[in-house]
Amino acid sequence: MELNIHELRKICSLENIEITLHAARRLEQRGILIKDILSYIQNGEIIEQYPDDYPYPSCLILGLSSKQKYLHTVIGSNMQTLWVVTAYFPSLQKWEDDFKTRKEIRQ
């Protein structure tokens with residue numbers, strides 16, 4: 001099942017969000033706040049889908065802050081709870097200028 005950004009926004013609130021231990025460590029290391037994650041979900045767009053992730057489908061959301069800083073957030077959901085899997089600031093080494101398209105790895 002693919003996730004829908006409009007459906008995720010309906011359940012996007014502090015009481016419906018869970019953070020994996022991995023994500024909590026990464027958020028702290030990267031200085032990313034939960035309120036920022038909520039804002040990115042509310043204003044962002046899904047750029048990749050991972051429908052076969054376990055235990056729930058997940059997706060990669062691209063958001064833009066008020067300071068014009070891009071953030072990628074991986075969210076898993078059963079449409080009742082949002083699990084933050086990880087979040088990071090994308091780099092131009094791995095992403096095109098739009099931060100939506102992965103650069104091809106040249107061998």
**Asked** How long is the gap from OH on Y70 to CG on L64, to the nearest 0.5 Å?
**Response**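 Y70 OH to L64 CG: 5.0 Å, rounded to 0.5 Å.
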**Approximate separation, where rounding is to 0.5 Å, of T73 OG1 and I46 CD1** =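 Here the interatomic distance stands at 11.5 Å.
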With a cut-off of 3.5 Å and sequence neighbours excluded, list every side-chain donor-acceptor pair involving residues 50-62.
from, atom 1, to, atom 2, distance (Å)
Y50, OH, E48, OE1, 2.4
D53, OD2, S58, OG, 2.3

Taking every non-hydrogen atom, the tightest pair across [X] and [Y]:
| X | Y | answer |
| --- | --- | --- |
| L82 | C12 | CD1-CA, 3.7 Å |
| Y40 | K69 | OH-O, 3.4 Å |
| I47 | F99 | CD1-O, 3.6 Å |

Is the shortest side-chain heavy-atom distance between [X] and [Y] below 4.5 Å?
| X | Y | answer |
| --- | --- | --- |
| I11 | T81 | no |
| R102 | W95 | yes |
| L3 | M79 | yes |
| E45 | I5 | no |

**Message:** Strictly by salt bridge (charged side-chain N to carboxylate O under 4.0 Å, His left out), give each pair with a member in residues 3-20 just once, sequence neighbours left out.
**Reply:**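 Only E7-K10 qualify under salt bridge (charged side-chain N to carboxylate O under 4.0 Å, His left out).
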Show me the side-chain donor-acceptor pairs of residues 25-32 shorter than 3.5 Å, one per line, residues at least two apart or across chains.
from, atom 1, to, atom 2, distance (Å)
R26, NH1, Q29, OE1, 3.0
R30, NH1, A87, O, 2.6

**Request:** Name all residues meeting the ring pair (Phe, Tyr, Trp, His ring centres under 6.0 Å) criterion together with Y88; count only those two or more places apart in sequence or in a different chain, and write none if there are none.
**Result:**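 Per chain and number, Y88 pairs via ring pair (Phe, Tyr, Trp, His ring centres under 6.0 Å) with H72.
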**Asked** According to a 4.5 Å side-chain heavy-atom criterion applied to Ile, Leu, Val, Met, Phe, Trp and Tyr, with indirect links allowed, do I17 and L33 form part of one hydrophobic cluster?
**Response**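 I17 does not cluster with L33.
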**Request:** Could you list the residues that satisfy salt bridge (Lys or Arg N to Asp or Glu O under 4.0 Å) with E96, not counting sequence neighbours?
**Result:**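 Counting only residues at least two positions away or on another chain, E96 forms no salt bridge (Lys or Arg N to Asp or Glu O under 4.0 Å).
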Go through the structure and list residues passing side chain to side chain donor-acceptor pair (under 3.5 Å) with [X], not counting sequence neighbours.
| X | value |
| --- | --- |
| N16 | S13 |
| T101 | D98 |
| N43 | S39 |

**Single hit among V74, I37, T20 for side chain to side chain contact (heavy atoms under 4.5 Å, CB included) with V84** =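 In the set V74, I37, T20, the residue that makes a side chain to side chain contact (heavy atoms under 4.5 Å, CB included) with V84 is I37.
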